[in-house]
Amino acid sequence: MERSLVLVKPDGVQRALVGEVVSRLERRGLRLVAAKFIQVSKELAETHYGIHKGKPFYDGLIEYIISAPVMAMVWEGPSAIAAIRQTMGATRPTEAAPGSLRHDFALEVGRNLTHASDTPENGASEVALWFKKEELVDWNREVDRWVFEK
Ligand code: DAT
Ligand code: MG
């Protein structure tokens with residue numbers, strides 16, 4: 001079972017799209033593990049986006065993610081990383097597949113609504129960065145056997 005950090009970034013919160021993002025992930029069959037609505041500190045933003053330090057868009061990216069509250073969540077499921085990134089769509093909304101969130105609700109790469117982890121390893125490290133262990137809920141759904149094969 002893979003886990004991914006999912007953020008509804010400030011634009012998604014301001015545009016009242018938190019429910020849309022949650023709804024799409026729920027309907028996909030993914031299981032919610034944790035959620036919190038927070039104002040991101042500069043320190044957390046810089047650690048989270050450390051891999052992009054030095055890129056031309058880095059300063060704008062940090063300013064954007066700390067500009068207003070975000071909805072931070074952990075979702076899990078089989079192949080959760082690939083499934084969630086597919087539901088989000090490509091980084092550039094104009095390259096995102098029709099039906100994906102970034103296609104349906106965004107235009108610009110710097111206002112692309114969501115973040116999702118890009119590998120299972122980064123999923124694990126981002127979950128550990130954003131959430132304390134006791135904030136992660138281990139649970140089963142009655143429907144799990146109709147969504148998860150094993
Ligand atoms: P993703 O969020 O799809 O994983 P990423 O990790 O490559 O994409 O980049 C992180 C965020 O940085 C991305 O969601 C939006 C911003 N970004 C990436 N490339 C950019 C660019 N060329 N210009 C402006 N912002 C960019
Ligand atoms: Mg990324």
Side-chain angles (χ1 to χ4, degrees), residues 1-138 147-148:
M1 199 81 83
E2 289 176 5
R3 284 183 167 176
S4 175
L5 174 72
V6 171
L7 304 177
V8 182
K9 298 197 281 198
D11 49 337
V13 172
Q14 295 292 323
R15 294 174 60 198
L17 292 171
V18 172
E20 181 74 30
V21 175
V22 170
S23 175
R24 286 183 181 218
L25 296 174
E26 279 188 315
R27 284 185 294 165
R28 191 85 197 259
L30 292 149
R31 192 165 62 192
L32 184 64
V33 175
K36 58 183 173 187
F37 183 62
I38 54 167
Q39 175 70 53
V40 179
S41 68
K42 192 155 193 206
E43 188 190 0
L44 175 58
E46 287 178 343
T47 307
H48 175 72
Y49 281 129
I51 192 163
H52 296 300
K53 198 173 165 77
K55 294 183 185 169
F57 59 84
Y58 176 77
D59 288 347
L61 182 58
I62 299 297
E63 288 307 311
Y64 160 51
I65 200 77
I66 67 172
S67 63
V70 307
M71 187 70 178
M73 297 175 279
V74 179
W75 288 83
E76 70 182 358
S79 304
I81 298 291
I84 294 170
R85 287 187 70 87
Q86 185 183 45
T87 291
M88 301 309 174
T91 305
R92 288 182 183 282
T94 51
E95 293 167 8
S100 67
L101 279 161
R102 284 166 169 173
H103 170 281
D104 290 356
F105 296 102
L107 290 169
E108 298 229 67
V109 67
R111 296 288 184 272
N112 64 1
L113 294 178
T114 55
H115 167 83
S117 308
D118 60 359
T119 63
E121 297 72 31
N122 287 344
S125 59
E126 289 179 357
V127 167
L129 175 66
W130 286 75
F131 287 88
K132 297 187 195 117
K133 217 168 167 234
E134 57 268 27
E135 292 175 323
L136 307 173
V137 181
D138 261 316
V147 183
F148 305 155

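Order of appearance sets the numbers: ligands from 1, and atoms from 1 within every ligand.
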| task | Determine whether Met1 and Pro78 make a side-chain contact, defined as any pair of heavy atoms from C-beta on separated by less than 4.5 Å. | result | yes
| message | Is any side-chain heavy atom of Thr47 closer than 4.5 Å to one of Trp130? | response | no
| Option passing side chain to side chain contact (heavy atoms under 4.5 Å, CB included) with Leu113 (candidates Asp11, Val21, Asp104, Val13) | Asp11
| remark: By chain and number, the residues contacting ligand 1 below 4.0 angstrom (heavy atoms only) are Lys9, Tyr49, His52, Phe57, Leu61, Arg85, Thr91, Arg92, Arg102, Val109, Asn112
| task | Using the side-chain contact (heavy atoms from CB on, under 4.5 Å) rule, take Arg111 and Tyr64 through it: C-alpha gap first, then chi angles, then the decisive distance, then the call. | result | CA-CA 8 Å; Arg111 296 288 184 272; Tyr64 160 51; 3.7 Å; yes
| task | Mind checking the OG1-CG spacing from Thr114 to Leu7? Nearest 0.5 Å is all I need. | result | 8.5 Å
| task | Could you pull out all residues at least two apart from Glu46 that satisfy salt bridge (Lys or Arg N to Asp or Glu O under 4.0 Å)? | result | none
